[in-house]
Student: 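Sharing a structure with you now.
As a basis for the values below, the full set of heavy atoms in this structure was taken, side chains included, without hydrogen atoms, waters or symmetry mates.
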Amino acid sequence: MSAAVPPNGIGHALVLGGGGAVGLSWMAGVVIGLREHGIDTALAERIVGTSAGAVVGAALAAEVDLTLLLRRPGPDSDLEPIEFDPNSFGEILGLLATPGLDPAEARRRVGARALEMNVGDPAAHIARIGGFVGNVAWPQRDLRITAVSVTTGDLQVWTPDGKATLPEALASSTSVPGVFPPIPIDGDFYIDGGMRSPINADLAAGAERILIIEPLAHLFPHVPSDRDLGGAATSFIVPDADAIAAYGLDLFNAAALEPAYEAGLRQGGEAAPGLKDFWPTA
């Protein structure tokens with residue numbers, strides 16, 4: 001490893017992207033598979049989490065049992081199945097892709113439309129998402145959770161010294177418009193950080209090395225800011241063909257959660273040898 005001090009003083013950063021419930025299961029599998037083969041992603045000096053990646057990142061930073069991430073809806077679970085309406089989500093994607101519209105204004109319009117959709121109680125979503133990490137307090141780590149302000153359309157980065165509790169931050173980051181309600185925090189409402197970028201990798205810019213685990217690399221392109229990484233060496237783990245087949249078309253399909261997890265577990269084991277000289281060891 002280079003002896004030079006990286007621009008932001010961080011040697012290794014971990015970036016975890018959005019992916020819905022199915023992508024979360026795949027990503028949890030990847031992280032567990034890596035750990036079982038000697039690569040502990042929790043050793044990152046900075047963790048950037050967007051949407052599903054925020055949940056996985058918080059679990060790593062808080063050192064909670066990663067099996068909490070594998071909770072499934074069902075008759076013996078307190079989790080209700082998630083209702084995914086492709087028409088509502090398609091409307092949201094259409095707003096984001098409006099020709100000639102400034103990206104922040106497009107996100108502001110998405111937020112306004114999400115408020116109108118009335119898809120549930122924000123408190124219920126906060127409780128649901130908080131349960132995935134045991135409703136713990138903010139870990140004292142460099143953890144950055146992304147969301148988007150409904151008022152301005154701008155990126156909001158929640159940190160341990162911010163105005164959101166950890167469950168509130170996670171709920172806002174995972175508030176997929178048209179699926180979950182915008183989350184009220186300190187006088188504003190917030191939606192999924194993936195509305196700005198699927199990975200928001202620029203928040204790790206300047207680290208010497210960045211590991212990016214990206215559940216939806218096959219569906220959503222990077223935005224220009226994701227390439228502005230300050231010269232960092234990067235390594236990506238993305239779903240392979242078998243994982244994509246396991247995902248299916250509905251990223252909230254309960255039946256796809258276990259196959260996606262198993263695919264991620266396999267991919268984590270396969271990726272680990274190639275990271276031995278890239279990632280720190282305990």
Student: Compare every heavy atom of Val136 with every heavy atom of Ala62, then report the nearest pair and how far apart it is.
Tutor: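 The pair with the smallest heavy-atom distance is CB-CG2, 3.9 Å.
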Student: Rounded to the nearest 0.5 Å, what's the gap from CD1 on Ile47 to OG1 on Thr41? Could you check?
Tutor: 7.0 Å
Student: Within a reach of under 6.0 Å around CD of Glu63, are more than 12 heavy atoms found that belong to other residues, nucleotides or ligands?
Tutor: no
Student: Do the side chains of Thr151 and Phe189 get nearer than 4.5 Å, heavy atoms only?
Tutor: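 No. Closest side-chain heavy atoms not under 4.5 Å.
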Student: Would you give the length of the straight line joining atom CG of Leu219 to atom CG of Leu251, rounded to the nearest 0.5 angstrom?
Tutor: 6.5 Å
Student: Determine whether Val238 and His218 satisfy the following criterion, side chain to side chain contact (heavy atoms under 4.5 Å, CB included), listing intermediate values before the conclusion.
Tutor: CA-CA 8 Å; Val238 303; His218 58 297; over 6 Å; no
Student: Just one of Ile191, Ile183, Ile126 clears the side-chain contact (heavy atoms from CB on, under 4.5 Å) bar with Ser172, so which one?
Tutor: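 Among Ile191, Ile183, Ile126, the one that satisfies the side-chain contact (heavy atoms from CB on, under 4.5 Å) with Ser172 is Ile183.
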Student: How long is the straight-line distance from CG of Leu155 back to OG of Ser197, given to the nearest 0.5 Å?
Tutor: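 If I round to the nearest 0.5 Å, the distance is 9.0 Å.
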Student: Assess whether salt bridge (charged side-chain N to carboxylate O under 4.0 Å, His left out) is satisfied between Arg266 and Glu262, documenting all intermediate values.
Tutor: CA-CA 6 Å; Arg266 171 184 53 78; Glu262 293 296 338; over 6 Å; no
Student: Any side-chain heavy atom of Glu168 within less than 4.5 Å of one from Pro184?
Tutor: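 In short, these two side chains do not touch, never coming nearer than 4.5 Å.
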Student: Decide yes or no on side chain to side chain contact (heavy atoms under 4.5 Å, CB included) for Phe220 and Leu93, but give the supporting numbers first.
Tutor: CA-CA 11 Å; Phe220 297 109; Leu93 293 180; 4.2 Å; yes
Student: What class does the angle between the rings of Phe236 and His222 fall in, given that below 30° is parallel, 30 to 60° is tilted and above 60° is perpendicular?
Tutor: parallel
Student: Are side-chain heavy atoms of Met117 and Ile92 found at a separation under 4.5 Å?
Tutor: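 SC-SC contact between Met117 and Ile92 confirmed.
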Student: Which is it for Val157 and Leu203 under the side chain to side chain contact (heavy atoms under 4.5 Å, CB included) test, yes or no, and what are the steps along the way?
Tutor: CA-CA 9 Å; Val157 182; Leu203 297 181; 3.8 Å; yes
Student: Check whether any side-chain heavy atom of Tyr247 lies under 4.5 Å from a side-chain heavy atom of Pro239, and answer yes or no.
Tutor: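 Contact flag for Tyr247/Pro239 side chains = yes.
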Student: Do Val179 and Ile82 have side chains that approach each other closer than 4.5 Å (heavy atoms only, starting at C-beta)?
Tutor: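 In short, these two side chains touch, coming nearer than 4.5 Å.
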Student: Treating Trp138 as the side-chain partner and Asp161 as the backbone partner, does any N or O pair qualify as donor plus acceptor under 3.5 Å?
Tutor: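 Checked: no pair found.
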Student: Count I, L, V, M, F, W, Y as connected when their side-chain heavy atoms are under 4.5 Å apart, and connections chain through other members. Are Ile199 and Val223 then in the same cluster?
Tutor: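 No, Ile199 and Val223 fall in different hydrophobic clusters.
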Student: Can you tell if the side chain of Leu275 reaches within under 4.5 Å of the side chain of Leu211, non-hydrogen atoms only?
Tutor: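 Touching, per the 4.5 Å side-chain cut-off.
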Student: Looking only at heavy atoms, what is the nearest atom pair of Ala13 and Ala204, with distance?
Tutor: CB-CB, 3.8 Å
Student: Let me confirm one number: the CD1-CD1 distance from Ile10 to Ile210, rounded to the nearest 0.5 Å.
Tutor: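 The CD1 atom of Ile210 is 9.0 Å from CD1 of Ile10, to the nearest 0.5 Å.
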Student: Any chain of hydrophobic side-chain contacts (each under 4.5 Å) joining Leu101 to Val110?
Tutor: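 Result: no, two separate clusters.
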Student: How about CG on Asp277, more than 12 heavy atoms from neighbouring residues, nucleotides or ligands closer than 6.0 Å, or not?
Tutor: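 Result for CG/Asp277: open.
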Student: Lys276 versus Thr281: any side-chain heavy-atom pair under 4.5 Å?
Tutor: no
Student: List in chain and number order the residues that pass side-chain contact (heavy atoms from CB on, under 4.5 Å) with Ala104, two or more places apart in sequence or in another chain; answer none if no residue qualifies.
Tutor: Asp102, Arg107, Asp154
Student: Under 3.5 Å, is there a donor-acceptor pair between the side chain of Asn200 and the main chain of Gly193?
Tutor: yes
Student: Please check this pair: side chain of Ser173 against backbone of Asp192, looking for a donor-acceptor N/O pair closer than 3.5 Å.
Tutor: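 Not a single qualifying donor-acceptor pair exists.
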Student: Under a 3.5 Å distance rule, please check whether Trp158 uses its side chain to pair with a backbone N or O of Lys163 as donor and acceptor.
Tutor: no
Student: Just by distance, do the side chain of Arg113 and the backbone of Pro177 share a donor-acceptor pair under 3.5 Å?
Tutor: no
Student: Evaluate the ring planes of Phe180 and His125, with Trp represented by its six-membered ring, and classify them as parallel (under 30°), tilted (30 to 60°) or perpendicular (over 60°).
Tutor: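 Plane angle under 30°, so parallel.
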Student: If you compare all heavy atoms of Thr174 against all heavy atoms of Leu170, which two are closest, and at what distance to 0.1 Å?
Tutor: OG1-O, 2.8 Å
Student: Pro139 and Ala61: which non-hydrogen atoms are nearest, and at how many Å?
Tutor: CB-O, 3.4 Å
Student: Answer whether the closest heavy-atom distance between the side chains of Gln267 and Asp242 falls below 4.5 Å.
Tutor: no
Student: What are the two closest non-hydrogen atoms of Ala54 and Ile145, and how far apart are they?
Tutor: CB-CG2, 3.8 Å
Student: Please say whether more than 12 non-hydrogen atoms of neighbouring residues, nucleotides or ligands are located less than 6.0 Å from CD in Glu83.
Tutor: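 No.
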Student: Please name the pair of heavy atoms, one in Leu68 and one in Gly131, separated by the smallest distance, quoted to 0.1 Å.
Tutor: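 The pair with the smallest heavy-atom distance is CD2-O, 4.5 Å.
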Student: Nearest 0.5 Å please: distance from the CZ atom of Arg209 over to the CG atom of Leu14.
Tutor: 15.0 Å
Student: Does Arg108 use its side chain to pair, donor to acceptor, with the backbone of Ser149 at less than 3.5 Å?
Tutor: no
Student: Do any N or O atoms from the side chain of Glu45 and from the backbone of Gly11 form a donor-acceptor pair under 3.5 angstrom?
Tutor: yes
Student: Under the criterion side chain to side chain contact (heavy atoms under 4.5 Å, CB included), I'd like the reasoning laid out for Phe252 against Val22: C-alpha separation, chi angles, the key distance, then a yes or no.
Tutor: CA-CA 6 Å; Phe252 296 93; Val22 177; 6.0 Å; no
Student: Give, for atom NE2 of His37 and atom CD of Glu270, the distance between the pair rounded to the nearest 0.5 Å.
Tutor: 9.0 Å
Student: Does Asp202 come within less than 4.0 Å of Arg227, counting only side-chain N to carboxylate O?
Tutor: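 A salt bridge is absent here (no side-chain N lies under 4.0 Å from a carboxylate O).
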